[in-house]
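Positions are given from 1 along the sequence. Values in this document were obtained by computation on a predicted structure and should not be read as measured data.
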Amino acid sequence: MPGQPGPAEYGYAPQPGQPDYGQAAQPAYGQPGQWDYGRAGQPGYPPGYQPMPPGYPMAPPPPQSTNGLAIAALILGLLGACLLAVPFGIIALTQIKQRNQNGKGLAIGGLIASGVWALIVVILFVVGAVNGSDTSASQDNTTRTAALPDSPTSISVDEVKTGDCLQTVEENNHIRKVTVLPCDSPHDAEVITQVHLTGSWPGSLDASFKKANDACLDEIDKQLSKSSMYDQLETFILYPANETQWNKLNGRATCMVHDANGKKLTAKVPR
């Protein structure tokens with residue numbers, strides 16, 4: 001009716017207090033006063049621009065030189081100068097890590113070579129010690145080249161040889177002569193071996209006896225341990241009584257055996 005308001009059309013006359021969607025007063029993207037992505041002065045990025053992806057950490061620069069101590073460690077290690085090669089190698093490894101240098105393999109090689117040399121020295125020392133104990137007295141098994149007379153013959157103790165049979169033996173600190181005879185005749189003792197004691201005069205009669213006794217027991221045990229008479233025998237030793245005799249005979253001791261019960265032997269001791 002004229003003079004009366006007609007019905008409100010959708011999209012036009014908004015109700016009081018209600019926003020008019022789609023009208024000029026309604027905020028619109030891209031209009032002044034609104035957030036406009038991609039426009040100057042507004043947060044965001046210009047059209048066609050994309051943010052740079054996060055970068056990767058940079059790798060350290062490649063090694064520039066070879067560590068001098070590493071080279072020295074390898075050379076000294078190969079030459080057996082372990083006392084220098086080992087510290088050089090350890091210092092080189094530290095410097096290589098700090099300075100980013102080449103030469104780690106050289107330093108390790110020097111340490112390995114030093115270890116090999118040290119092992120060789122230990123082995124040689126052990127072998128030398130074992131051989132030294134085994135050769136503390138070298139054997140002198142020189143036998144008599146000429147047959148003895150059938151009758152007992154007196155000779156100097158310096159002339160006694162391995163294989164001789166002595167008519168009598170008695171404890172005496174100053175024996176100069178002994179009587180030898182054929183071993184199929186009754187006799188007190190038989191010379192099993194002679195040994196040369198190493199080193200110089202030990203300083204006393206008792207020390208000389210101990211050294212000779214230890215060496216003779218060892219050698220006699222080696223030679224007669226399988227003998228059927230082994231348990232019936234005792235040792236008897238001729239040894240240097242003073243420094244003069246020691247030097248004259250080159251530390252020689254004569255190792256004999258006799259019957260533990262004092263019986264006469266009538267043949268060579270079976271081996």
Side-chain angles (χ1 to χ4, degrees), residues 125 127-225 227 229-230 233-260 262 264-271:
F125 178 80
V127 171
V130 171
N131 288 341
S133 63
D134 289 343
T135 59
S136 58
S138 59
Q139 293 187 56
D140 181 5
N141 289 327
T142 305
T143 55
R144 192 170 302 283
T145 56
L148 288 170
D150 292 337
S151 59
T153 304
S154 178
I155 62 173
S156 168
V157 292
D158 299 345
E159 301 177 67
V160 173
K161 302 294 182 183
T162 297
D164 284 350
C165 292
L166 279 60
Q167 186 177 40
T168 58
V169 291
E170 58 182 9
E171 292 188 9
N172 192 318
N173 290 338
H174 301 285
I175 299 176
R176 298 183 183 275
K177 289 186 175 293
V178 293
T179 300
V180 295
L181 73 170
C183 292
D184 56 0
S185 301
H187 56 276
D188 280 353
E190 178 185 338
V191 179
I192 302 301
T193 187
Q194 291 180 306
V195 295
H196 286 285
L197 308 174
T198 58
S200 58
W201 168 245
S204 68
L205 184 66
D206 289 341
S208 178
F209 168 74
K210 183 179 185 309
K211 199 166 187 178
N213 185 60
D214 291 344
C216 283
L217 287 175
D218 185 56
E219 292 300 327
I220 289 174
D221 185 67
K222 290 178 181 178
Q223 296 192 35
L224 300 182
S225 60
S227 172
M229 295 182 60
Y230 184 75
L233 302 173
E234 286 183 347
T235 58
F236 190 90
I237 304 169
L238 295 177
Y239 60 96
N242 52 55
E243 187 173 4
T244 300
Q245 290 182 3
W246 183 283
N247 295 333
K248 179 181 178 181
L249 301 175
N250 192 26
R252 188 181 69 191
T254 299
C255 310
M256 300 178 284
V257 293
H258 67 98
D259 187 274
K264 291 288 185 178
L265 303 175
T266 56
K268 279 187 169 293
V269 174
R271 275 23 180 202

Peer 1: Could you check whether any side-chain N or O of T179 sits under 3.5 Å from a backbone N or O of P152, counting only pairs where one atom can act as donor and the other as acceptor?
Peer 2: no
Peer 1: Taking side chain to side chain donor-acceptor pair (under 3.5 Å) as the definition, give me every residue that meets it alongside N242, ordered by chain and number, with sequence neighbours left out.
Peer 2: none
Peer 1: With sequence neighbours excluded, give me every salt bridge (charged side-chain N to carboxylate O under 4.0 Å, His left out) pair touching residues 199-210.
Peer 2: K210-D214
Peer 1: Which residues pass the side-chain contact (heavy atoms from CB on, under 4.5 Å) test with A207, not counting sequence neighbours?
Peer 2: P202, S204
Peer 1: So does L238 get a backbone contact from the side chain of R252, meaning a donor-acceptor N/O pair under 3.5 Å?
Peer 2: no
Peer 1: Would you please name every residue forming a side-chain contact (heavy atoms from CB on, under 4.5 Å) with S225, sequence neighbours left out?
Peer 2: D221
Peer 1: For a side chain to side chain contact (heavy atoms under 4.5 Å, CB included) check, start with the C-alpha distance between V157 and T254, then their side-chain angles and the critical distance, and finish with the verdict.
Peer 2: CA-CA 9 Å; V157 292; T254 299; over 6 Å; no
Peer 1: Would you mind listing every salt bridge (charged side-chain N to carboxylate O under 4.0 Å, His left out) that reaches into residues 186-200, with sequence neighbours excluded?
Peer 2: D188-K264, E190-K268, E190-R271
Peer 1: Show the nearest heavy-atom pair for residues E219 and V195, with the distance to one decimal.
Peer 2: CG-CG1, 3.7 Å
Peer 1: Who pairs with D184 by side chain to side chain donor-acceptor pair (under 3.5 Å), at least two apart in sequence or on another chain?
Peer 2: none
Peer 1: Counting distance only, does the side-chain N/O of H187 pair as donor-acceptor with the main-chain N or O of L265 below 3.5 Å?
Peer 2: yes
Peer 1: Just to verify, what does A212 make a side-chain contact (heavy atoms from CB on, under 4.5 Å) with, not counting sequence neighbours?
Peer 2: L197, I237, Y239, A253
Peer 1: Ignoring hydrogens and angles, tell me if any N or O in the side chain of K211 forms a donor-acceptor pair with the backbone of T198 under 3.5 Å.
Peer 2: yes
Peer 1: Of all residues at least two apart in sequence or in a different chain, which pass the side-chain contact (heavy atoms from CB on, under 4.5 Å) check with S227?
Peer 2: L224, M229, Y230, V269, P270
